[in-house]
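Below you'll find the structure, written out as structure tokens, and then a few comments.
As the structure lists them, so they are numbered: ligands from 1, and atoms in each ligand from 1.
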Amino acid sequence: MSGLNAAQKEAVHYVDGPSLVLAGAGSGKTRVITQKIAHLIHEKGVQARNIAAVTFTNKAAREMEERANKLLGDGQGKGLLVCTFHSLGMRLLREEHKAAGLKQRFSILDSTDTFGLVQQLYGTTDKQLIRKAQSVMSLWKNGLLDPEQALAQAQSEEDAQIARLYRSYEATLKAYQAVDFDDLILKPAQLLKMNADIRDKWQNRLRYLLVDEVQDTNACQYDLLKLLAGPRAMFTAVGDDDQAIYAWRGATLENLRQLTEDYPQLKVIKLEQNYRSTLRILQAANRLIENNPKLFTKTLWSEHGAGEPIKVVSMNDEEHEAEQLAMMLSGHRFERRTKYGDYAILYRSNFQARVLEQALRKHRIPYVLSGGQSFFERAEIKDVMAYLRLLVNADDDPAFIRALTTPKRGIGQKTLEALGEYAGERGISLFEAVFETGAESRLNSGMMDALRTFCTFINNLEDRAQREPAGALLTELLKTISYEEWLYDQNDERGAQARWQNVLDFVKWMGEKGEEDGQNLLDLTQKVALITMLDRQNEDSAPDAVQLSTLHAAKGLEFPHVYLIGCEESILPSFSDGEGRELTDERLEEERRLMYVGVTRAQRSLTITHCKKRRKARDMVTCFPSRFIKELKLEADDHMPDETPNLSPKDRLGALKDLLTKSKSG
Ligand SMILES: Nc1ncnc2c1ncn2[C@@H]1O[C@H](COP(=O)(O)OP(=O)(O)OP(=O)(O)O)[C@@H](O)[C@H]1O
Ligand SMILES: [Mg+2]
């Protein structure tokens with residue numbers, strides 16, 4: 001129990017009922033969770049497999065698992081469940097698939113897949129419209145509204161149209177034996193609600209629940225949590241209302257208030273000491289967030305010194321910003337003898353990373369990117385995944401079409417339409433339709449043969465996939481379909497090379513994962529949908545590299561030195577929400593919380609940059625510094641003593657040598 005203050009100890013020791021730790025950034029909330037896991041196992045005799053800790057991102061889950069296992073020592077954490085809400089939901093759904101009306105090997109569609117599906121059902125190619133429909137349906141789903149209720153509630157013709165789309169979307173998913181990400185939460189919650197046996201079983205299994213970042217749970221996740229906790233209500237939730245940044249995905253701060261209502265016996269514990277940041281950073285963050293209405297009052301103090309002043313740097317444009325950043329970072333690293341891994345560059349939106357990446361590459365600064373396009377969303381990976389998904393679930397029509405036509409097998413759109421029509425009339429999947437005699441009259445016999453050859457090929461693979469090692473089988477599959485050649489046909493040399501390398505990385509990763517966990521290709525495939533590139537990177541021994549991340553993806557993390565870039569009106573706060581809605585007070589508050597998350601990631605130094613101009617399409621537009629910079633009230637720091645870093649003569653010599661070898665090798 002070392003390394004905890006009195007309030008943290010209280011939170012860790014309290015196991016008589018539900019508790020909520022409500023505290024600001026860097027106050028050790030996540031630390032309470034990991035320590036509490038150890039406490040439950042070591043002191044309270046709770047079995048590891050009866051404990052579940054839930055957090056928001058895969059990365060956070062992995063980090064928490066590592067920390068917990070370190071505390072627990074050899075083998076004691078066996079069976080401990082540390083995961084995201086989504087993977088918890090998937091586990092439950094896989095085990096209870098029958099009750100959910102799904103086969104055990106259902107497909108999981110990610111947002112790219114569902115985008116394609118909505119596009120097809122809605123009959124439009126207007127991306128904005130599709131995204132809007134997706135987000136409205138998702139909000140309905142998360143608000144536990146079914147298509148009929150949504151239709152009944154519709155206020156406008158547009159709403160009604162989306163509600164009808166929602167109906168066919170749901171029917172299609174069912175026909176495909178597929179679920180989307182929202183279903184991974186929604187369906188388990190419904191199962192637990194409707195089915196007492198399943199509820200008892202899971203409540204008995206997960207006897208203690210711990211939830212990190214509870215401020216970002218949506219209504220559905222909260223429901224799931226409540227159902228799992230049951231009347232015993234043995235859980236610890238930790239969170240910070242000032243860091244709620246997922247309202248756009250339906251997360252609601254209302255849940256925090258609801259928690260106090262649903263559990264009158266809830267013990268609320270506040271943590272007030274910040275262990276992460278220097279006083280300057282902490283106080284600036286506090287001044288910023290004071291501009292938001294308070295839900296709960298919190299005070300944060302720190303024993304750390306004032307630290308160095310927060311820098312605000314004005315740049316000409318985004319190229320200048322990126323270039324300067326690379327120079328500043330190199331200089332800083334040289335002067336302080338730090339590692340690249342001590343730095344994070346954070347930004348509001350993914351597009352900001354592009355120019356930055358170029359500059360970092362030019363200056364040979366190693367970096368890793370997170371929160372960007374997932375590795376698994378790349379076209380070549382999705383191609384390979386289509387085959388795997390089809391092995392797992394032959395009813396997965398989108399996977400069927402993608403695999404069948406990649407590479408082309410001489411089967412054209414007309415044939416697919418005829419097959420689709422027949423399958424639709426019979427209410428079966430495309431795969432099944434191929435083997436029905438009834439389909440023969442609709443298609444010419446050459447096509448029929450080609451289709452059957454393909455399906456037999458898949459059937460054989462499926463059989464082998466249950467027994468043979470994942471890596472070898474995958475390699476063979478790629479060879480059989482001549483995927484490498486196909487890539488070279490479709491892309492220029494460099495593009496093909498890069499894509500093929502990604503595929504090889506993927507095969508290697510699947511092979512290793514399969515050996516590690518003793519899982520076959522089919523088991524692995526279901527998991528892939530929930531994994532992001534970041535997890536993959538973390539598995540290779542983490543390289544010393546600067547972290548590039550969106551603010552959303554940086555939640556819960558900390559870095560010695562942080563650069564917060566593009567702090568301009570219309571970027572942070574962002575004026576548009578992707579659907580053309582304007583900046584309301586509520587959204588402004590959420591943007592402010594996002595800035596607060598960014599500022600509070602920094603431990604020792606914080607540099608904020610903004611551009612005077614920025615390229616928009618073909619024009620250079622004038623930009624203004626973010627209002628949030630003013631709200632940090634940095635003048636207030638002026639009376640604080642500056643602490644310049646002390647470099648001993650020896651360090652300086654070392655730094656100089658470093659630079660010399662670098663300039664030689666470069
Ligand atoms: N009692 C303590 N003594 C020393 N260091 C601590 C203590 N509690 C927490 N820390 C350290 O402070 C830092 C912040 O802790 P942690 O990440 O748990 O905070 P948090 O409240 O979860 O922050 P966030 O809101 O950003 O998620 C970590 O480096 C952690 O190891
Ligand atoms: Mg945390």
Can you confirm, on distance only, whether ligand 1 has an N/O atom lying under 3.5 Å from any N/O atom belonging to [X]?
X	result
Gly3	yes
Leu557	no
Gly556	no

Q: Just jot down the ligand 1 atoms closer than 4.0 angstrom to any heavy atom of Arg601, in number order.
A: 26 (O)
Q.
Which option wins on minimum heavy-atom distance to atom 8 (N) of ligand 1: Arg67, Gln215, Gln8, Glu213?
A.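 Closest candidate by heavy-atom distance is Gln8.
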Q: For atom 28 (C) of ligand 1, state which one of Gln603, Glu558, Gln273 supplies the nearest heavy atom.
A: Glu558
Q: Would you kindly specify which portion of Thr30 sits under 4.0 Å from ligand 1, judged on non-hydrogen atoms: side chain, backbone, both or neither?
A: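 Thr30 to ligand 1: contacts from backbone and side chain alike.
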**Q.** ligand 1 contact on Lys555 by region, counting heavy-atom pairs under 4.0 Å
**A.** neither
Is [Y] paired with [X] through a side-chain N to carboxylate O contact shorter than 4.0 Å?
X	Y	value
Asp216	Lys555	yes
Asp180	Lys141	yes
Asp262	Lys226	yes

Q: Would you check whether Thr600 reaches within less than 4.0 Å of ligand 1, judged by its heavy atoms?
A: no
Q. Do His304 and Tyr275 have side-chain atoms, one donor and one acceptor, less than 3.5 Å apart?
A. no
Q: Mark yes or no: Arg333 above the aromatic ring of Tyr340, with NZ or CZ under 6.0 Å from the six-membered ring centre and no more than 45 degrees from the axis.
A: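 Yes, cation above the ring, under 6.0 Å and within 45°.
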Q.
Tell me which one of Glu308, His561, Lys311, Arg280 satisfies side chain to side chain donor-acceptor pair (under 3.5 Å) with Ser605.
A.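 Exactly one pass, corresponding to His561.
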